[in-house]
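All remarks here apply to the structure that follows.
In this text the structure is predicted, and so the values were computed from the model without any measurement. Here is how names work: the chains are called A, B, and so on, in the same order as the sequence lines, proteins then strands, and each is numbered from 1.
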Amino acid sequence: MVATYDAKTDYKVIGSTPIRHDGMDKVTGRAIFGADVKAPGLIWGDLLRSPHAHARIKSIDTSTAEAMDGVFAVLTHADFPQADDKSIDAGEGTVNLRRGQTNVMADGKVHYKGHVVAAVAATDRNTAREAARLIKVDYEVLPAISDVDTAMAAGAPAILDGLVGDHLGQKVENTNVARVFRHEFGDVDDAFANSDLVIERTVSMSMVHQGYIEPHNATAIWAQDGNLTVWSSTQGSFGVRSQTAGLLHIPESKIKVNYVEIGGGFGGKTVAYLAPVAALLSRKSGGRPVKLVMDRQSVFEASGPAPGGKIRMKIGVNKDGKITAADTDLILEAGGYPGSAVGAAATCVFACYNLPSSRITGYDVLVNKPKSAAYRAPGSPQASFAIETVIDEICDACGFDKIQFRLDNAAHEGTRRGDGVQFARVGLEECLTAAKESDHWNSPLGDAPAGKSRGRGLATAYWMNGGGKSTCDLMLQDDGTVMMNEGSADIGGTRTSIAMQAAEVLGIPVEDFHPSIPDTDSIGFTGVTGGSRTTYTTGMAAYNAAHKLITELQHRVADLWETEVDNVSFADGTFSANGDSIGIQNLAGKLDPTGGPATATASVNLAEAGNAYGVHICDVEVDLATGKTDVVRYTAIQDVGKAVHPQYAEGQIQGGAAQGIGWALNEEYFINSAGEMANRSFLDYRMPTPLDLPMIDTIMVEVPNPLHPYGVRGVGEVPICPPLSAATQAVKNAVGKPFYELPVKPGRILEAQNGI
Amino acid sequence: MHPFAYVAPGTIDEAVAVLNEHGDRARPMAGGTDLIVKARANAWELDAVVDIKNIPELMSLSDNGDGLSIGAGVPCYQVYGNSDIAAGYPGIIDGASIIGGIQIQSRAGLGGNLCNAAPSADGICPLIVHSAVAKITNASGTREVAVEDFCTGPSQTVLNTGDLLVSIEVPKPAANSGAAYTRFTPRNEMDIAVAGVGVMVVLDSSGQNFESARIALSAVGPTPILASAAGDSLAGKPVNDETIAAAAALARDAASPITDMRGTVEQRKQLVEVLTGRMINKAVERARG
Ligand SMILES: Cc1cc2nc3c(=O)[nH]c(=O)nc-3n(C[C@H](O)[C@H](O)[C@H](O)COP(=O)(O)OP(=O)(O)OC[C@H]3O[C@@H](n4cnc5c(N)ncnc54)[C@H](O)[C@@H]3O)c2cc1C
């Protein structure tokens, strides 16, 4: 059963903006990140990676590397135990253990450039690197498949040996299409036939990377007693534990994963690429601690980016401004192994609209690129780009107001999403109304200087947010402060936003909280920081733990005052009974005679999360002679449910918008004819810098989530989705030409204008 | 990365001796912003890196009235941080002040930029349009090479084993002259030129006619290109939209770009034409003062 709440409106702590507990350590450089981990006797690992995008490994000769001075261990796939052929949850997506194992170290075949083929451990990093270069691999190079069309063409060589595709329930061998699935309701074809206007377009986009600053890393000690200790930058220590256990075929209870600070993840740090390899290197090196750190090239070439692909989108509409039907084929790149975000894309694609009929067909397609992973609202940005491109054309073709049309067709409480799920209270209409009333929407574009042209775009998007399992422990100290343990990796200030939720219940200032994120032996299971689940779910655990602590303290007060517990009431941080009262922080020092320290722990497993919507408005100025686009004004409107810490919520929205703008205008995996990513550095992988973005204004709409006591909704992911189309439609508006391919980079703008 | 010896001699002779001893397995290092990146990427296997920043002649920056002498190891920030140089050579500053960001400019110099010989280098075109000369020394003496003749291909120069760039000599600009450089990048900083154009114009005393002009192009050929025909076309012509457009079209013809991840042939040719027009106008503005 799902509990529902009526959110309060008067808060003491929720909605304030205290400084984050980890702030000082982070700005002074004292915080410990994965690459900072030191251990006595530490040695270094290095990885040999495939220079080819697609090849069979004929032989591997490690003898020269093994003979080199300073080398402790050399590893190939032969050193791995047989993993089970089953899938486990990795937070945002699943990992099939057998394929996950060959993804961290190739078995007989390489599926993408940068695929790990062997590993070395040696006294120092340089020795390990030199030794890895001495490993001789004999490859039979195969043609690289770099896009979904080539992968799906008849007769295309199958990338994954033994893959049996599931195509709408049919088993298909010798294919690169791992899965085809469909959600359908209503008579879509009949509705199109009876529509006043039907527009159908196909859009495409390249793979893009999360671009987190901190590269993947892992340090492991596999002690002689069989206990394995790991430090690794991750969005979820428990995910590293379960994947490492699964890939190495050992019990999870033998593994302890220590929390280290994380320098960005955005979904990409949910996959354990290095920990299993560091662990095996440690065991082969006699239990020495082994450290592995990726360089940027490997992060680009061999960690998990967001899929590119192709989306066909067909929408019917009547003159009265109502959508009649929508039909889409979502064809996304899984990368070198099955498992793109196409499932989530299908969930999100039509979720902004209340549709009388729809058909969604999803294709999960292997290509010789890194295995894709989650990236902020996985699948939804691509889906939003496709539908919002066609909606914009419909509005232009019929003269519909772009906000009113969306309001007239907006999803609301009771609407069924394309996959059948029915919405509880959602805030899309409120976001659209806020956009309509915003200063931005009501301000003229302004004049561009000579030779330049301005344009405006608007787009909406959706993300379902996540629930799942989280744990929080509270320990009231004698001095009235609270030690708090919770299991969520802190990426965006969640130590504080979680503590704030317990602080609100207890009536204790959040500054008197000491939040910690312990190792996996020391806290109950907590899922990844991902899916926009953390403030909502771990916050709920903190809320529940705080209520348990109050109940416990009511018993203690009853003991102290020799009264019945039912007589003890609690409000605003104060316990009262029979005319006496005591503040909670005062009470803390008086607990010894009542049984000692007061603690409480709570774990939750939340089935549903409450949905998030965003509406973005983007103004650009395009230099018509060079194709250079500058974003000159940007407003992001979002239903945040309740902003626990408004600055952090705003920061999430601005960060998401910045990444989405980069995706729209410049970022791409530029794949050359050899199937290599040519632009594998931050110099050529053009993420926006601060000089490329205006201040991103935010309007936070608060439609309380009925599933959370404070009305909290996840905020971190949906803001990356609307910019793809908002920025593209702005460029279209500026130059008068539509764009169906991302990124809308300067060269494409010149091409569209001049036909060059 | 292959392990190498690091040496930091105090004189040119010592530096040249180490370079000769190791042949092509030794390299001079100025700011190191290209060298370290390439060594880490295993572009070279080096036995010795010769830091030149302890050699006084290579670290001096002076304007003796006849022109500017920029030591091979002088970092960009010193060039644009000198107000006399900034006022007298704004075209050179246009290049020096966009190489990387502040951290890079605190180390990187025009000498390293030239010796690295990237087709996209932002420092070289301004030197070419200023008719700058590279002063090179080795065990047998010193020679001078015009900057436009210095680069012979991507990462290739006229330097031979044992050669050391000492300085770049920039003649004093003529009266009524002006220079400017710009590049096109999709981003507003930390990016690499898709195409770049440097222009130097000398006007007559009325400021209405070109006496001469030099135009140089980056990132549109294997080396920075002196577009002589484009520059020469302006000599003796009035300053107006037609003469400028004609020169820009000739600059476009001089470009021989490739299509790669940074841009296409057509895009780069168009950029050369557009930027040439813009830079001629800017140089004229500066010449008129
Ligand atoms: C983040 C980043 C951003 C960058 N952005 C730009 C940019 O926007 N535009 C641009 O043009 N470049 C850019 N660069 C490249 C580089 O910074 C420049 O080319 C810089 O000018 C090189 O100067 P340096 O002093 O660091 O040279 P070094 O790296 O020290 O040397 C470069 C080359 O010159 C040789 N050399 C140095 N001194 C001598 C000498 N006295 N005699 C003979 N050979 C010598 C070296 O052996 C080496 O081959 C960037 C680099 C980085 C890392």
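A salt bridge links B:E45 to A:R133: one of the charged nitrogens lies within less than 4.0 Å of a carboxylate oxygen.
In this structure, A:Y685 and B:R187 approach most closely via the heavy-atom pair O-NH1, 3.9 Å. Contact record, B:E189 with A:T689: OE2-OG1, 3.1 Å, taken as the closest heavy-atom pair. Between B:I192 and A:D684 the shortest heavy-atom distance is CG2-OD1, 3.5 Å. Across all their heavy atoms, B:R278 and A:A625 have their closest contact at NH2-CB, 3.7 Å.
Of the inter-residue distances, the one linking B:R262 atom CZ with A:K745 atom NZ reads 12.5 Å to the nearest 0.5 angstrom.
With chain B as partner, the option from A:D623, A:L665, A:D295 having the largest number of non-hydrogen pairs under 4.5 angstrom is A:D623.
Environment of CG in B:N240: crowded, with over 12 heavy atoms of neighbouring residues, nucleotides or ligands closer than 6.0 Å. Summarising the local packing, CZ of B:R40 is surrounded by 12 or fewer heavy atoms from other residues, nucleotides or ligands at distances under 6.0 Å. Remark: B:R107 CZ is loosely packed, at most 12 non-hydrogen atoms of other residues, nucleotides or ligands lying under 6.0 Å away.
For B:V194, the part lying under 4.5 angstrom from a heavy atom of chain A is the side chain only. Looking at A:N126, only its side chain comes within 4.5 Å of chain B, counting heavy atoms on both sides. In this structure, chain B has heavy atoms under 4.5 Å from both the backbone and the side chain of A:R686. Residue contact with chain B, scored on non-hydrogen atoms closer than 4.5 Å, involves the side chain of A:N666 exclusively. With a 4.5 angstrom heavy-atom cutoff, A:Y669 does not touch chain B via any of its atoms. Heavy atoms of B:R268 lying under 4.5 Å from chain A are absent altogether.
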- Task: Determine, step by step, whether B:Q270 and A:N754 satisfy the side-chain contact (heavy atoms from CB on, under 4.5 Å) criterion, reporting the C-alpha distance in whole Å, the side-chain angles of both residues, the deciding distance to 0.1 Å, and the verdict.
- Result: CA-CA 10 Å; B:Q270 164 146 354; A:N754 311 352; 2.6 Å; yes
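For the side chain to side chain contact (heavy atoms under 4.5 Å, CB included) test with B:Q267, the passing option among A:I749, A:T626, A:L750 is A:L750; the others fail.
A donor and an acceptor atom, one from each side chain of A:N672 and B:D260, are nowhere located under 3.5 Å apart.
Two residues are said to be in side-chain contact when any heavy atoms from C-beta on lie closer than 4.5 Å; B:N188 and A:K628 meet this criterion.
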